[in-house]
Each structure stands twice: as C-alpha cells, then as structure tokens.
Undergrad: 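Encoded as structure tokens, here's the structure I'll be asking about.
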Amino acid sequence: MSAEQDVRQLRLQKLARLRELGHDPYLFEDFPQSHTPAEIHGRFADLEGAEVTVAGRITALRKMGKAAFFDLTRQGERVQVYLKKNDVGDTLWNVFNLVDIGDIVGVRGEVFRTKMGEVTVHVRDLSVLAKCLHTLPVGKEKEGHHWYALTDKEERYRRRYLDLIANEESRSLFVKRSRMISVTRRFLEERGFMEVETPVLQQDAGGAAARPFETHHNTLDLDLKLRISLELHLKRLIVGGFEKVFEIGRVFRNEGISTRHNPEFTMLELYQAYAKMEDIQALVEDLCREIAVRVFGSEKLEVGGVTLDFSKPWQRIDMLSKIETEAGVAPSEFETLKSAKAAMDRLGLPSEDESEVGSIIEKIHERFVERKLIQPTFVENFPIETSPLAKKHPTNPRLTRRFEGYMLGREFCNAFSELNDPIDQRARLELQAAQLAAGHHEANPMDEDFLYALEIGMPPTGGLGIGMDRLAMLLSGAETIRDVILFPTLRPEGRD
RNA sequence: GAGCCGGUAGCUCAGGGGUAGAGCAACGGCCUUUUAAGCCGUGGGUCGUGGGUUCAAUUCCCACCCGGCUCACCA
C-alpha cells in the first residue's frame with residue numbers, strides 16, 4: 001500500500017465507513033471553539049481540569065493500542081490531545097480509528113498535564129470535520145529541529161497550501177506581510193490620507209518605464225493594457241482636490257522573472273499636495289520605523305547578519321558624488337555622451353547601445369553603488385532623462401528632485417517632487433512617446449488627458465512609490481520575491 | 001535569452017550500464033500518559049519526457065519540458 005492513488009482509495013473507504021457510523025464529516029457547518037492552542041498553554045493554571053473545545057489539523061499521531069496522542073495544529077499553534085477507549089466508548093473509538101494525519105478534527109475535553117509535563121486535552125468528544133485524502137508532507141519536529149519538511153521549491157510555490165501547512169516559517173512570513181500592509185494602511189489613514197482605487201484596465205499604460213500586458217474588451221472591441229503604475233491617475237485626483245491620496249494595488253509589468261521581479265506585484269503609491277521631496281523622505285522614515293516596530297517588534301532589525309537601524313534619520317547621498325567615490329567617475333565625465341560612454345568602457349560595461357547620459361549614470365549607479373547601500377539610505381538627484389515625471393532641480397536642469405530608498409543593497413522605493421508644469425511635462429512626454437515609437441517598449445506613452453489635468457493646475461505635490469513585495473522581502477530576510485508572494489508566476493507544469 | 005546545477009516512492013534523500021535503496025509517511029499486528037513514541041511484519045517506483053548508443057539504459061549521448069542559482073533584460 002503506497003501508490004498515492006491507493007492511499008486515496010483507502011481514505012475514501014474510511015470516509016464511507018465514517019458515514020456508516022453516522023459521522024459524516026461534511027455535514028458539519030461550524031465548530032465553536034472555546035480556546036486557541038496558545039491560550040490552552042498560556043492559561044493552563046486557570047484551565048487545568050476545565051473543559052475546552054478546540055479544532056485543527058492532525059499533524060502527528062501516536063497510537064498506543066487502546067489509547068492515543070495526537071497533535072492538533074491551528075493557525076501555526078499546536079496542542080496535544082489525548083484519547084483513550086475507556087473514556088469515549090466504542091462508537092467514538094471506532095470513529096477515531098478512521099482518522100488519519102492530515103484530517104481536520106474538533107475535540108471537547110478537559111485540560112491536564114501529562115507525566116512528561118505537556119499540557120494536553122483529554123478528549124470526551126471528537127468530530128471529524130474534514131478528511132485528508134492524501135499523505136500530508138508534515139514532517140516531524142523536536143526542539144526546533146525539523147525533519148522531512150516540504151523543501152522542494154517548485155512544489156512549495158505551486159501548492160502553497162501544502163507549504164503553509166508544512167513550513168511554519170512560510171506561514172508566519174505571510175502573516176507578517178499581511179500585517180505590514182495593514183500597518184501601512186493605518187499609518188497613512190492616521191495622517192489623513194484617503195485610500196482610493198484607480199483603473200487596472202487602461203488604454204495606455206504609463207507612469208513607469210515598463211512594457212505592459214495587453215488584453216481586449218469584447219463588447220467595446222477595445223484593446224486595453226494592464227496598468228504598470230498608479231501614478232497618473234492618482235495625480236489626476238490631486239488635481240481634483242483630494243490633497244492626500246494613496247492606493248495599494250497590483251501592477252503588472254511584462255518583463256523577465258527573477259529573484260527580485262514578479263510580473264504582478266503590489267505597489268503602494270501616495271501623493272501629498274503642498275509637500276516636497278523632503279516631506280516624503282520623513283514620511284518614508286516614519287513608515288519604515290512604524291512597520292519595524294509594529295510588525296517586527298523593534299526599531300532595529302537583524303536581517304541577514306546586518307542590523308538595520310530605523311531609529312535615526314537615514315543617510316542622504318548625492319548620486320553623482322557617490323558614483324565618483326565608488327566607481328571613480330567624476331561628475332564632469334557625464335557632461336557629454338561621448339565622455340560618459342568612455343567612462344562606461346573604462347569600467348568594463350557595454351556602452352554600444354547607450355544613447356543617453358542619464359541611462360549611463362543609472363547603470364553605473366546600479367552596478368557600483370547600489371549594493372553598498374546597506375543601512376537605510378536615500379539617493380538623491382537623479383538625471384532628468386530617466387525621470388520624466390519629476391520636477392527639475394532648481395539649480396541644475398539636468399537633474400531632478402527625485403530620490404530612491406535603499407537598504408541591504410536593494411532599491412525599494414522611488415519618490416519625487418512631482419512635475420506640475422504642464423508645458424515641461426508635455427515636452428518630456430513627447431520625448432518619451434518618440435522613444436516608444438522608435439521601439440523602446442518601456443517608454444511612457446503620450447497621455448493627453450493627464451496633460452489636460454495638469455493644465456487645470458496641480459498644486460506642488462510630493463509623490464512616493466514603494467514596492468511592497470520588495471519591502472517585505474528586505475525586512476523579513478527572504479531570499480527571493482517568490483517567498484513573499486503567495487502564488488508567484490510560474491510556467492505551467494508541462495504534461496510531458 | 002546564456003551558463004551552471006537539479007528532477008529517483010506521498011515527503012526528505014542516497015545510488016548507479018545488468019529488472020532500484022534508506023528514513024519518515026502508508027498498510028497489518030502488539031502496546032491505555034506518548035511526543036522524531038516503541039517493537040514485529042508488509043507493500044509501494046514509467047528513476048521528468050522523447051529519441052539514440054548498447055545484448056542490456058534509471059545510469060552514457062542528444063533534444064525537449066519543469067524548477068533553482070548566476071548573468072543579461074528591467075531607459
């Protein structure tokens with residue numbers, strides 16, 4: 001007996017026998033519970049001898065003739081249950097003998113402590129609430145050491161429900177991710193931000209440098225794209241008079257998949273009227289500290305051997321100055337395309353396809369600076385060519401009032417004082433549209449309605465975008481973005 | 001897209017040109033305070049898919065599929 005299909009047949013037979021005994025698991029609609037496993041342990045002094053009800057999945061089963069112990073696991077918490085034939089009678093004993101590891105059961109019984117000292121529920125009644133028809137990869141565990149957990153990454157991603165059952169670290173990571181987003185939402189609401197929802201389906205997807213997914217509306221016979229950012233609609237709302245808005249939503253980018261990229265991911269964007277870049281920096285500092293404290297319990301987080309310190313102001317660095325110290329390229333070398341390409345050649349980076357100084361600056365920054373930004377850091381003064389929606393720097397028209405946030409050598413946010421000059425914005429979008437027409441799939445399309453909105457008048461505004469998956473990854477120490485996305489995008493399993 | 005690594009029982013893995021092994025899980029038996037429960041016994045595999053070489057391929061070769069990592073892409 002081992003082929004998984006045989007196990008399934010056998011368990012279906014057990015299910016049939018349960019029904020013959022008048023115990024149909026699928027007739028139960030609820031199971032009120034008096035305590036969680038953690039409460040039973042934590043309040044043992046009060047509960048000893050008292051009756052409790054608790055339900056969960058059976059994750060271990062130790063039968064000993066006419067008695068048995070089993071573990072019930074619920075929401076990552078575990079409690080041991082003891083059952084013996086004399087206490088429950090023949091019928092319930094027969095029911096119990098049709099139970100397997102993986103089944104979901106509810107029990108009623110009194111709390112006691114075993115000879116070995118473990119707090120345990122002594123069963124008087126037991127209800128099978130769902131049969132598990134397959135062998136469950138639960139593994140075993142003692143003193144924090146695990147045996148035989150589900151480790152195959154492909155299986156964990158494709159069948160996340162098994163991963164969540166088998167790997168407590170995975171379960172708790174997704175709880176943390178959820179709390180991060182919850183804390184973020186509350187943080188913004190407390191500061192007067194209003195949450196809004198803007199269209200996912202758009203005729204032209206702009207606001208970021210990315211290639212969109214394409215789809216089609218049948219009735220309208222209209223080709224549509226999935227959004228690549230939230231930016232342009234949120235700024236329309238600032239024009240409309242909402243002064244603090246945010247959206248936490250899915251965006252879609254039709255690009256390669258890697259440990260840091262999933263085609264769909266969760267973006268937070270917020271816009272605050274009458275605020276500038278520095279105000280947004282303070283907000284990011286406050287938000288990260290809030291998340292660190294309220295989700296992870298401290299202003300200082302141990303991640304991958306590093307202590308991330310959110311208790312003090314972040315370091316601010318100038319992009320070009322840092323490139324000079326880390327890569328040895330002087331700001332003056334970025335004055336012409338020719339000298340910038342020469343600098344790239346000197347650093348061993350391919351320069352043939354480069355047509356803009358700004359792009360070269362960012363590539364050198366990514367290659368030589370980014371990975372060194374371990375503690376929370378803001379990089380300021382991005383080149384104008386790669387920042388088509390940001391206000392110009394007041395004294396250097398080749399730079400913008402834009403910054404990105406980094407920690408652990410990775411980017412996680414992007415923000416700027418928003419460009420609200422409709423004439424300048426038109427010129428920059430025309431340049432983008434020309435690049436798009438020339439085959440740069442990631443360039444921004446022209447958006448006449450957005451420009452019309454700016455012509456109505458947008459107050460000076462600070463904006464921010466945070467990749468919430470990236471942030472979850474960084475703060476939790478996850479190795480890949482797939483570990484913080486419940487169902488990451490994978491190729492379909494080949495039926496070959 | 002390129003390179004490297006991997007895919008063997010439900011899970012975690014070993015093996016290796018001659019019809020495949022372990023632990024856990026499963027099945028049968030014993031066991032009324034166990035906890036990686038224990039003891040005795042049993043079954044379980046298209047070795048990712050398809051070709052090729054060979055008397056013989058799970059093993060060697062080629063192609064493909066899926067995954068992982070690194071790089072590229074991500075202005």
Side-chain angles (χ1 to χ4, degrees), chain A residues 1-11 59-71 78 80-88 93 100-102 112-118 120 122 132-159 162 165-167 208-211 228 253-263 349-350 353-363 366-367 382-388 411 431-432 435-436 438-444 479-480 482 488 490-496:
Chain A
M1 170 61 60
S2 156
E4 192 59 12
Q5 278 309 305
D6 293 339
V7 170
R8 184 163 179 276
Q9 284 307 315
L10 192 83
R11 295 201 176 185
T59 49
L61 179 54
R62 299 175 287 279
K63 287 191 178 181
M64 298 176 306
K66 297 182 179 61
F69 288 92
F70 57 94
D71 294 347
R78 187 194 71 95
Q80 177 170 268
V81 177
Y82 176 62
L83 179 147
K84 63 178 175 178
K85 189 178 178 184
N86 289 160
D87 297 331
V88 297
W93 181 250
D100 293 295
I101 290 177
F112 77 111
R113 197 189 282 279
T114 65
K115 274 193 223 166
M116 300 301 288
E118 178 152 354
T120 301
H122 192 142
C132 176
L133 300 179
H134 299 273
T135 54
L136 204 64
V138 284
K140 300 199 171 185
E141 177 262 323
K142 183 185 188 182
E143 289 161 8
H145 190 43
H146 292 263
W147 285 264
Y148 318 120
L150 181 70
T151 61
D152 181 76
K153 289 196 171 189
E154 183 172 358
E155 189 75 352
R156 292 177 57 194
Y157 297 146
R158 289 192 197 280
R159 295 199 162 140
L162 290 181
I165 292 167
N167 296 307
R211 192 168 179 176
I228 58 173
R253 296 186 180 178
N254 207 339
E255 291 161 357
I257 296 176
S258 77
T259 50
R260 290 172 284 287
H261 301 262
N262 196 64
L349 299 177
D353 299 334
E354 297 301 331
S355 57
E356 282 180 343
V357 172
S359 158
I360 293 174
I361 292 172
E362 283 207 12
K363 285 209 169 79
E366 281 169 24
R367 183 62 182 273
F382 274 64
I384 193 162
E385 303 97 304
T386 60
S387 314
E411 173 203 344
L431 204 61
Q432 290 284 313
Q435 291 178 358
L436 188 61
H440 287 84
H441 295 291
E442 299 84 11
N444 275 271
E479 305 257 322
T480 104
R482 294 181 207 99
L490 297 177
R491 281 194 173 83
E493 261 177 312
R495 287 296 305 162
D496 52 2

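Below, chain A is the first sequence line, B the second, and so on; all start at residue 1.
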Undergrad: In whole angstroms, how far is the C1' atom of B/U8 from the CG atom of A/Asp152?
TA: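 Going from A/Asp152 (CG) to B/U8 (C1'), I get 13 Å.
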
Undergrad: State which of B/U35, B/A75, B/A26 makes the closest approach to the side chain of A/Gln80.
TA: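 Comparing B/U35, B/A75, B/A26 against the side chain of A/Gln80, the answer is B/U35.
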
Undergrad: With rounding to the nearest 0.5 Å, note down the distance linking CZ in A/Arg158 to CZ in A/Arg491.
TA: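 Taking CZ in A/Arg158 and CZ in A/Arg491, the distance rounds to 10.0 Å.
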
Undergrad: Supply the atom-to-atom distance A/Glu118 CD to A/Asp71 CG, rounded to the nearest 0.5 angstrom.
TA: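 The distance works out to 7.0 Å.
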
Undergrad: Between B/G52 and B/G43, how far apart are the C1' atoms? Round to whole Å, please.
TA: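 So the two C1' atoms sit 36 Å from each other.
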
Undergrad: Searching all strands shown, indicate the nucleotide that pairs with B/U35 (Watson-Crick or G-U wobble; both distances under 3.5 Å).
TA: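 Because no pair has both required distances under 3.5 Å, B/U35 counts as unpaired.
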
Undergrad: Does a side-chain heavy-atom distance below 4.5 Å link A/Leu150 with A/Arg156?
TA: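 Contact flag for A/Leu150/A/Arg156 side chains = yes.
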
Undergrad: At 4.0 Å (heavy atoms only), tell me whether A/Gln435 reaches a base, stays on the sugar-phosphate, or touches nothing.
TA: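 It contacts base atoms.
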
Undergrad: Side chains of A/Glu356 and A/Gln435 only: does a donor on one sit below 3.5 Å from an acceptor on the other?
TA: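 A/Gln435 and A/Glu356 do have a side-chain donor-acceptor pair below 3.5 Å.
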
Undergrad: Does the B/A75 base have a donor-acceptor partner in the side chain of A/Glu354 within less than 3.5 Å?
TA: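 Absent.
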
Undergrad: Looking at the side chain of A/Ile101, which of B/C74, B/C27, B/A25 is the nearest nucleotide?
TA: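 Nearest to the side-chain atoms of A/Ile101, counting from C-beta on, is B/A25.
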
Undergrad: Distance between the C1' atoms of B/G41 and B/A56, in whole angstroms?
TA: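 Roughly 35 Å separates the two C1' atoms.
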
Undergrad: Heavy atoms under 4.0 Å, any strand shown: does A/Ser355 hit a base, just sugar-phosphate, or nothing?
TA: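 Here A/Ser355 touches no strand at all.
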
Undergrad: Measuring from the side chain of A/Tyr82 (C-beta onward, heavy atoms only), which nucleotide among B/A37, B/U32, B/U34 has the closest atom?
TA: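 Of the options given, the side chain of A/Tyr82 lies nearest B/U32.
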
Undergrad: Rounding to an integer number of Å, can you tell me how far A/Phe112 CZ sits from B/U35 P?
TA: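 Answer to the nearest Å: 14 Å.
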
Undergrad: Under 4.0 Å, heavy atoms only, any strand: does A/Pro383 hit a base, just the sugar-phosphate, or nothing?
TA: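 Since no nucleic acid heavy atom lies under 4.0 Å of A/Pro383, the category is nothing.
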
Undergrad: Hey, does the side chain of A/Arg62 come within less than 4.0 Å of B/A37's phosphate (OP1/OP2), counting only N and O?
TA: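 So the side-chain polar atoms of A/Arg62 do come within 4.0 Å of the phosphate oxygens OP1 or OP2 of B/A37, strictly under.
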
Undergrad: Are the side chains of A/His441 and A/Asn254 in contact, using a 4.5 Å heavy-atom criterion?
TA: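 No. Closest side-chain heavy atoms not under 4.5 Å.
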
Undergrad: Rounded to the nearest Å, what distance is computed from the NE2 atom of residue A/His440 to the P atom of nucleotide B/C73?
TA: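 The distance from NE2 of A/His440 to P of B/C73 comes to 13 Å, rounded to the nearest Å.
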
Undergrad: Protein-nucleotides 28-31 of chain B N/O pairs closer than 3.5 Å?
TA:
unit_1: B/C31; atom_1: N3; unit_2: A/Gly65; atom_2: N; d: 3.0
unit_1: B/C31; atom_1: N4; unit_2: A/Gly65; atom_2: N; d: 3.1

Undergrad: Using the P atom on both, measure B/U49 against B/G10 and round to a whole Å.
TA: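 13 Å, rounded to whole Å.
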
Undergrad: Restricting to nitrogen or oxygen on both sides, can you table the protein-nucleotides 1-6 of chain B pairs closer than 3.5 Å?
TA:
none

Undergrad: Counting only side-chain N and O atoms of A/Arg482, is one of them less than 4.0 Å from OP1 or OP2 of B/G68?
TA: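 Answer yes for this pair, as a side-chain N or O of A/Arg482 is under 4.0 Å from OP1 or OP2.
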
Undergrad: Rounded to the nearest 0.5 Å, what's the gap from CD1 on A/Ile257 to CG on A/Leu490? Could you check?
TA: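 Here the rounded value is 7.5 Å.
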
Undergrad: So, is A/Thr114 near the phosphate of B/U34, with a side-chain N or O under 4.0 Å from OP1 or OP2?
TA: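 Checking A/Thr114 against B/U34: no side-chain N or O falls below 4.0 Å of OP1 or OP2.
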
Undergrad: Are the side chain of A/Asn262 and the backbone of A/Arg482 linked by a donor-acceptor contact shorter than 3.5 Å?
TA: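 The answer is no, because no donor-acceptor pair under 3.5 Å joins these two groups.
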
Undergrad: For A/Phe69 and A/Leu136, take the nucleotide of RNA chain B holding the closest heavy atom to each; which residue's nucleotide lies nearer the 5' end?
TA: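 Result of the comparison: A/Leu136.
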
Undergrad: Rounded to whole angstrom, note down the P distance from B/G23 over to B/C65.
TA: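 So the two P atoms sit 38 Å from each other.
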
Undergrad: Sort out the partner of B/G1 for me: Watson-Crick or G-U wobble, both distances under 3.5 Å, none otherwise.
TA: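 Base partner found: B/C71.
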
Undergrad: Measuring from A/Met64:CE to A/Leu83:CG, what's the distance to the nearest 0.5 Å?
TA: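 It is 10.5 Å, given to the nearest 0.5 Å.
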
Undergrad: In whole Å, what is the span from the CG atom of A/Asp100 to the P atom of B/C27?
TA: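 After rounding, the reported distance stands at 6 Å.
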
Undergrad: Could you please name the option among B/C66, B/A75, B/U33 that lies closest to any side-chain atom of A/Ala209?
TA: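 So the nucleotide nearest the side chain must be B/A75.
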
Undergrad: Could you check which of B/C74, B/G68, B/A75 has an atom nearest any side-chain atom of A/Glu255?
TA: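 Per side-chain heavy atoms of A/Glu255, the pick is B/C74.
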
Undergrad: Can you tell me how far C1' of B/U33 sits from NZ of A/Lys84, to the nearest Å?
TA: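 The distance from NZ of A/Lys84 to C1' of B/U33 comes to 9 Å, rounded to the nearest Å.
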
Undergrad: Taking atom P in both B/A26 and B/A37, what distance in whole Å separates the two?
TA: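 The answer is 11 Å between these two P atoms.
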
Undergrad: Can you establish whether the number of heavy atoms outside A/Arg211 located under 6.0 Å from its atom CZ is more than 12?
TA: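 No.
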
Undergrad: Expressed in whole Å, how much space separates the C1' atoms belonging to B/G28 and B/G67?
TA: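 Each nucleotide's C1' atom is 39 Å from the other's.
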
Undergrad: Would you kindly give the CZ-to-P distance between A/Phe382 and B/A75, to the nearest whole Å?
TA: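 Roughly 12 Å, once rounded to whole Å.
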
Undergrad: What nucleotide, of B/C11, B/U33, B/U34, holds the atom closest to the side chain of A/Leu150?
TA: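 Per side-chain heavy atoms of A/Leu150, the pick is B/C11.
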
Undergrad: For A/His122 and A/Phe112, take the angle between the two ring planes, folded into 0 to 90°, and tell me which bin it lands in: parallel under 30, tilted 30 to 60, perpendicular over 60.
TA: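 If you compare the ring of A/His122 with that of A/Phe112, the planes turn out tilted.
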
Undergrad: Which nucleotide, if any, forms a Watson-Crick or G-U wobble pair with B/C24, using both distances under 3.5 Å?
TA: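 Answer to the pairing question: B/G10, which forms a Watson-Crick or G-U pair with B/C24.
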
Undergrad: Could you give the distance separating B/A72 and B/A2 at their C1' atoms, to the nearest angstrom?
TA: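 The answer is 8 Å between these two C1' atoms.
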
Undergrad: Starting at the 5' end of RNA chain B and moving along, which residue's nearest nucleotide shows up first, A/His261 or A/Thr151?
TA: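 Here A/Thr151 is the residue nearer the 5' end.
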
Undergrad: If you check every side-chain atom of A/Asn444, which of B/U35, B/A26, B/A75 has the closest atom?
TA: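 Side chain of A/Asn444 sits closest to B/A75.
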
Undergrad: Specify the closest pair of heavy atoms between A/Val88 and A/Trp93, including all atoms of both residues, with the distance to one decimal.
TA: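 Looking at all heavy atoms of both residues, the shortest contact is CG2-N, 4.0 Å.
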
Undergrad: Any chance CZ of A/Arg159 has more than 12 other-residue heavy atoms, nucleotides or ligands included, within less than 6.0 Å?
TA: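 Atom CZ in A/Arg159 is not crowded, with 12 or fewer foreign heavy atoms closer than 6.0 Å.
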
Undergrad: Would you mind telling me which of B/A25, B/A75, B/C69 lies closest to the side-chain atoms of A/Ser359?
TA: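 Nearest to the side-chain atoms of A/Ser359, counting from C-beta on, is B/A75.
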
Undergrad: Looking for any heavy atom pair under 4.0 Å, which part of the strands does A/Ala166 touch: base, sugar-phosphate only, or nothing?
TA: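 No contact at all - A/Ala166 keeps every heavy atom at 4.0 Å or more from the nucleic acid.
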
Undergrad: If I pick the P atom on B/U34 and the same atom on B/G45, what distance separates them, to the nearest angstrom?
TA: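 After rounding to an integer number of Å, I get 37 Å for this pair.
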
Undergrad: Paired with B/G16: which nucleotide, if any, by Watson-Crick or G-U wobble criteria at under 3.5 Å for both distances?
TA: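 Because no pair has both required distances under 3.5 Å, B/G16 counts as unpaired.
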
Undergrad: Could you tell me the separation between the CZ atom of A/Arg8 and the C1' atom of B/G44, rounded to a whole number of Å?
TA: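 Result: 18 Å.
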
Undergrad: In whole angstrom, give the distance that lies between atom NZ of A/Lys85 and atom C1' of B/U34.
TA: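 Whole-Å distance recorded here is 19 Å.
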
Undergrad: I'd like to know if A/Glu411 pairs up with A/Arg260 as an ion pair, taking the criterion as any Lys NZ or Arg NE/NH1/NH2 lying under 4.0 Å from an Asp or Glu carboxylate oxygen.
TA: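 No, A/Glu411 and A/Arg260 are not salt-bridged.
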
